[in-house]
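Read through the structure below, which is laid out as structure tokens, and then see the notes.
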Amino acid sequence: MKAIVAQLVEDALAALPDLSDAVANLDLATTVERTRDAGHGDFASNVAMRLARTARQNPRELANTITDCLPDSNLVDKTEIAGPGFINFYLSPAAFHTEIETILDQGGDYGRQAAKDHPRILLEFVSANPTGPLHVGHGRHASFGATLGNLLEAAGYPVQREYYVNDAGRQMDILGLSVCLRWMESQGASFAFPRAGYRGDYIRDIAAEIDTSGIDSVDTSALFEGVPADEPDGDKEAHIGGLIDAAKRTFGDDAFGRIRQQSLESIRQDIEMDLAEFGVIFDRWYSEQDLEKNGRIDAALVILEKRNMLYQKDGATWFRATDFGDEKDRVVVRENGVKTYFASDIAYHFDKRERGFEHLIDILGADHHGYVARVRAGLSAMGYEATDLEVELMQFVVLFRGKEKLAMSTRAGEFVTLRQLREEVGNDAARFFYVMRSNDQHLDFDLELAKRRSTDNPVYYIQYAHARIASVFRQLAEKTLTWDPNNGRRGLSLLTETHEKELMTALSRYPEVLELAAANRAPQHLVHYLRDLANEFHTYYNAHVFIVDDDTLRDARLTLIAATRTVIANGLAIIGVSAPDRM
RNA sequence: GCCCCGGUAGCUCAGUCGGAUAGAGCACCAGAUUCCUAAUCUGGGGGUCAGAGGUUCGAAUCCUCUCCGGGGCGCCA
């Protein structure tokens, strides 16, 4: 709808050749906006003020000139010049009626833009290490990422959702060892579990179900002999490192490797199932092990070497990150010959780009912000643009139960898992609450509020609007009446109540909200919009009876609320929240 | 020390590319409610947009500095 007004302004300016220079460096789409105050009409343009300086004209006079050149349109009732030089547009009722018809015609597609071919977007999110179940922080990443993916698709972009599985490296060895040790305990062995091991109960569960043949006959003394002391007397990293070496030696690389793979695969599958239950589906699970196996990390290092981006120092191989704006050079191969995590990440991001994705979006925890510059540097050094990579940083989640803040200690295994949260408040409330706030705002997640079945709870309030509309149609049937949509369309001009006009205005904003939320990577705009829309509907419901005796007025009102139901359902679908017909 | 994010009503937060009188929910106060769902509704009070300077027709928004809170600055991942 905004586009209609913007087009009128553009046409008017085209008829004013004297202004063409000034117009040239102005993005006209940005000069039209919704008014905040109905007293200013439906849309306002600040184009005259924006052009006034370069055109060296008084803004109000300029606004007058532009208004005179506006083409006639049956969608605009009148225009006014107001304030310092705003042009206010008052749209005709027909403009809103057309929009209602568009909603009904397009249904689930209403608000979506035409599919574009470019840029192809690769959206990577969650990517939690497969060392344990997802916790509430990951839930925010999952909800935000899934919603952003939906928003970008609604904006017409081709999107692939990807989960990068950090299934290589030392922490996988620590996982494998933790499982071995828990299994040995289950067989009656007794020893101090390493401080740096994974201590959660899920490790015992894995130990109970996987194939541990190969470590059956090992006695603990052989494993712990000669291993450096654990904390507090010694160093926990050295201790667990010694245990890993001992385990590989005594069990054999094959047996240990098998346990490690089974353990991580068990956790990875659990994560995938957890996310699927949460409505978060990935197109691809990209394994770091595969990256290494396929030689892509070495290949990336060769390219960097050829481009003279690497050098040796202190026995390690360094990448010249400072040449690309990072604050220091970074190690890619350690003195011990082991490649760093950063080396695989260069290779991974290069690979994303090589697979034809022109725009890469990573959703990362705010604690990873220091990492962004070097990944960008890597991408630049590999011959792509640093700006090809966009990073959205997520701030942390703090759980509340009413006023009480829930302590969460990952170390002690006391963290709340995503699964526990979902079970307590339900998927809908969880998906909704997680995207309620801007990603760069800390999120206070109130479990009590999320569970409440009253209008205090925004997700409830919005779903209730949807269910209420369905209920009205059930009432209609009970009264043995039917809705005639065509008659309703013809009768839309009967909808002249303030509440009806406000509801129509709110509905017509939906495509603009979607576009804005996608462009700004800001799902909270959609959340706020849906709450506003639900509020407009509930207010209307409370003020007027829909099922009236007059056939045409009744059909028209039912047409309006049917359109409302469609928009609420579409918006909730983007967030991943159900739109129930009954509650 | 350097880097990132935040600071807007009592609380939790929106505020688009600079736009007209600063927005919502909760809480609070006052009313209403024989009615398609009380699983409520209507109205009201409440602001030094952290502070100071700058840019301009116009600043919560952009720039500079300061203060406060969170996070990050590994041959960890």
Side-chain angles (χ1 to χ4, degrees), chain A residues 26-27 29-31 33-37 39-40 44-46 49-50 52-53 58-60 82-86 88 129 131 166 168-172 237 288 313-318 327-328 330-342 344-345 365-373 391 393-396 398 400 403 436-444 446 449 452-458 460-461 464 467-469 471-476 478-479 512-513 515-517 519-520 522 524-525 527-529 531-532 535 538-539 541-548 557 561 582-583:
Chain A
L26 185 65
D27 180 5
T30 68
T31 65
E33 56 189 22
R34 292 269 172 175
T35 56
R36 204 166 38 204
D37 183 342
H40 296 139
S45 174
N46 60 14
M49 291 179 287
R50 302 265 296 266
R53 190 183 308 173
N58 173 300
R60 283 191 69 108
F86 288 102
N88 292 336
N129 298 334
T131 55
N166 290 122
R170 175 182 166 82
Q171 56 182 339
M172 290 300 105
E237 295 301 330
E288 185 185 1
K313 193 182 87 178
D314 302 334
T317 305
W318 296 70
E327 56 189 18
K328 54 178 81 163
R330 307 290 177 176
V331 170
V332 287
V333 184
R334 293 198 284 265
E335 195 177 359
N336 63 8
V338 177
K339 280 162 274 192
T340 59
Y341 175 83
F342 175 51
S344 26
D345 237 17
D367 53 337
H368 282 70
H369 99 267
Y371 197 67
V372 176
V391 177
L393 295 174
M394 302 298 295
Q395 294 291 336
F396 302 124
V398 183
F400 283 81
K403 295 282 177 204
M436 221 165 33
R437 303 287 175 235
S438 157
N439 59 297
D440 48 30
Q441 189 79 238
H442 286 246
L443 175 67
D444 288 348
D446 184 348
L449 178 61
R452 209 172 297 160
R453 297 175 58 75
S454 73
T455 54
D456 301 355
N457 181 348
Y460 173 84
Y461 188 73
Y464 183 41
R468 202 170 220 183
I469 293 168
S471 164
V472 170
F473 281 94
R474 285 194 295 271
Q475 295 283 337
L476 187 73
E478 281 171 23
K479 295 183 179 176
E512 294 156 35
V513 170
E515 186 177 4
L516 180 74
N520 291 3
Q524 78 273 12
H525 288 314
V527 169
H528 287 282
Y529 166 78
R531 216 222 158 260
D532 286 347
N535 182 44
H538 286 305
T539 309
Y541 178 97
N542 288 314
H544 298 282
V545 174
F546 305 154
I547 304 177
V548 292
R557 286 186 169 166
I561 67 170
R582 294 172 193 274
M583 293 175 73

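Protein chains get the first letters and strands the later ones, always in sequence-line order, with residue 1 at the start of each. Basis for what follows: all heavy atoms, side chains included, without hydrogens, waters or symmetry-related copies.
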For nucleotides [N] and [M], find the distance between their [atom1] atoms and express it as a whole number of Å.
N: B:U12; M: B:G31; atom1: C1'; answer: 27 Å
N: B:G18; M: B:A27; atom1: C1'; answer: 33 Å
N: B:G7; M: B:G15; atom1: C1'; answer: 15 Å
N: B:G10; M: B:G70; atom1: C1'; answer: 23 Å
N: B:C62; M: B:C5; atom1: P; answer: 11 Å
N: B:C26; M: B:C63; atom1: P; answer: 35 Å
N: B:A9; M: B:A50; atom1: P; answer: 8 Å
N: B:U21; M: B:G58; atom1: C1'; answer: 14 Å

Between [options], which nucleotide gets closest to the side-chain atoms of [X]?
X: A:Ile547; options: B:U12, B:A77, B:C36; answer: B:C36
X: A:Asn542; options: B:G72, B:C41, B:C73; answer: B:C41
X: A:Asp367; options: B:A14, B:A39, B:G72; answer: B:G72
X: A:Glu33; options: B:C41, B:A77, B:G19; answer: B:G19
X: A:Trp318; options: B:G70, B:C75, B:C36; answer: B:C75
X: A:Thr340; options: B:C5, B:A77, B:A39; answer: B:A77
X: A:Phe86; options: B:C4, B:C17, B:G19; answer: B:G19
X: A:Val331; options: B:A77, B:A20, B:C75; answer: B:C75
X: A:Glu335; options: B:A20, B:A14, B:C75; answer: B:C75
X: A:Asn129; options: B:U16, B:A77, B:A20; answer: B:A77

For [X], answer base if it contacts any base atom (sugar-phosphate contacts may also be present), sugar-phosphate if it contacts only those atoms, and nothing otherwise; contact means non-hydrogen atoms under 4.0 Å.
X: A:Asp314; answer: base
X: A:His528; answer: sugar-phosphate
X: A:Thr31; answer: nothing
X: A:Thr539; answer: sugar-phosphate
X: A:Asn88; answer: base
X: A:Ala82; answer: base
X: A:Arg330; answer: nothing
X: A:Arg36; answer: sugar-phosphate
X: A:Met436; answer: nothing
X: A:Ala44; answer: base
X: A:Glu327; answer: sugar-phosphate
X: A:Lys328; answer: sugar-phosphate
X: A:His368; answer: base
X: A:Arg453; answer: base

OP1 or OP2 of [N] less than 4.0 angstrom from a side-chain nitrogen or oxygen of [X], does that happen here?
X: A:His525; N: B:G15; answer: yes
X: A:Gln441; N: B:A14; answer: yes
X: A:Gln395; N: B:C4; answer: no
X: A:Arg474; N: B:C36; answer: no
X: A:Arg334; N: B:C76; answer: yes

When you look at A:Lys339 and A:Val332, which way does the side chain to side chain contact (heavy atoms under 4.5 Å, CB included) test go after all the steps?
CA-CA 6 Å; A:Lys339 280 162 274 192; A:Val332 287; over 6 Å; no
Partner lookup for [N], please. Criteria are Watson-Crick or G-U wobble with both distances under 3.5 angstrom; report none if nothing qualifies.
N: B:C2; answer: B:G72
N: B:G58; answer: none
N: B:C36; answer: none
N: B:C11; answer: B:G25
N: B:C49; answer: none
N: B:C17; answer: none

Subject >> 5' priority, RNA chain B, between A:Asp456 and A:Ser471 [closest heavy atom] >> reply: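 Result: A:Asp456.
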| Taking for each residue the nucleotide of RNA chain B bearing the nearest heavy atom, is the 5' side occupied by A:Asp440 or by A:Gly370? |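 It is A:Asp440 whose nearest nucleotide is closer to the 5' end.
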Worksheet item: Given the rule in the side-chain hydrogen bond (donor to acceptor under 3.5 Å, both in side chains) test, do A:Asp440 and A:Ser438 qualify, once you have shown the distances and angles that lead to the verdict?
Response: CA-CA 5 Å; A:Asp440 48 30; A:Ser438 157; 2.6 Å; yes
N/O donor-acceptor pair under 3.5 Å between A:Asp37 side chain and A:Gly39 backbone
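Checked: pair present.
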Non-hydrogen atoms of A:Arg437 and A:Gln524 that approach each other most closely: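 Looking at all heavy atoms of both residues, the closest pair is C-CB, 4.2 Å.
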Reported CG-to-NE2 distance for the pair A:Asn520 and A:His525, which is rounded to 0.5 angstrom
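Answer for the CG-NE2 pair, A:Asn520 versus A:His525, is 5.0 Å.
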What is the distance from atom CG of A:Asp444 to atom CZ of A:Phe400, rounded to the nearest 0.5 Å?
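With rounding to 0.5 Å, CG (A:Asp444) is 4.0 Å from CZ (A:Phe400).
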Practice prompt. Run the salt-bridge test on A:Glu237 and A:Arg170 with the 4.0 Å N-O cut-off and return the result as yes or no.
Written response: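 A salt bridge links A:Glu237 with A:Arg170.
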Measure [atom1]/[X] against [atom2]/[N] and give the value in whole Å, please.
X: A:Arg34; N: B:G23; atom1: CZ; atom2: P; result: 18 Å
X: A:Lys479; N: B:C36; atom1: NZ; atom2: P; result: 8 Å
X: A:Leu476; N: B:U37; atom1: CG; atom2: C1'; result: 16 Å
X: A:Asn439; N: B:G71; atom1: CG; atom2: P; result: 18 Å
X: A:Asn46; N: B:U16; atom1: CG; atom2: P; result: 14 Å

For the residue pair A:Phe473 and A:Ile561, establish whether any side-chain heavy-atom pair is separated by less than 4.5 Å.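 Touching, per the 4.5 Å side-chain cut-off.
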Measure up the A:Tyr464 and A:Tyr460 rings against each other and bin them: parallel (under 30°), tilted (30 to 60°), perpendicular (over 60°).
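Aromatic pair A:Tyr464/A:Tyr460 classed parallel.
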Q | Parallel, tilted or perpendicular, as decided by the 30° and 60° cut-offs, for the rings of A:Tyr371 and A:Tyr341 | A |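 Answer is tilted, since the angle falls between 30° and 60°.
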task = Please evaluate the base of B:G70 for a donor-acceptor partner in the side chain of A:His442 within a cut-off of under 3.5 Å?
result =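 Answer is no: no donor-acceptor pair is held.
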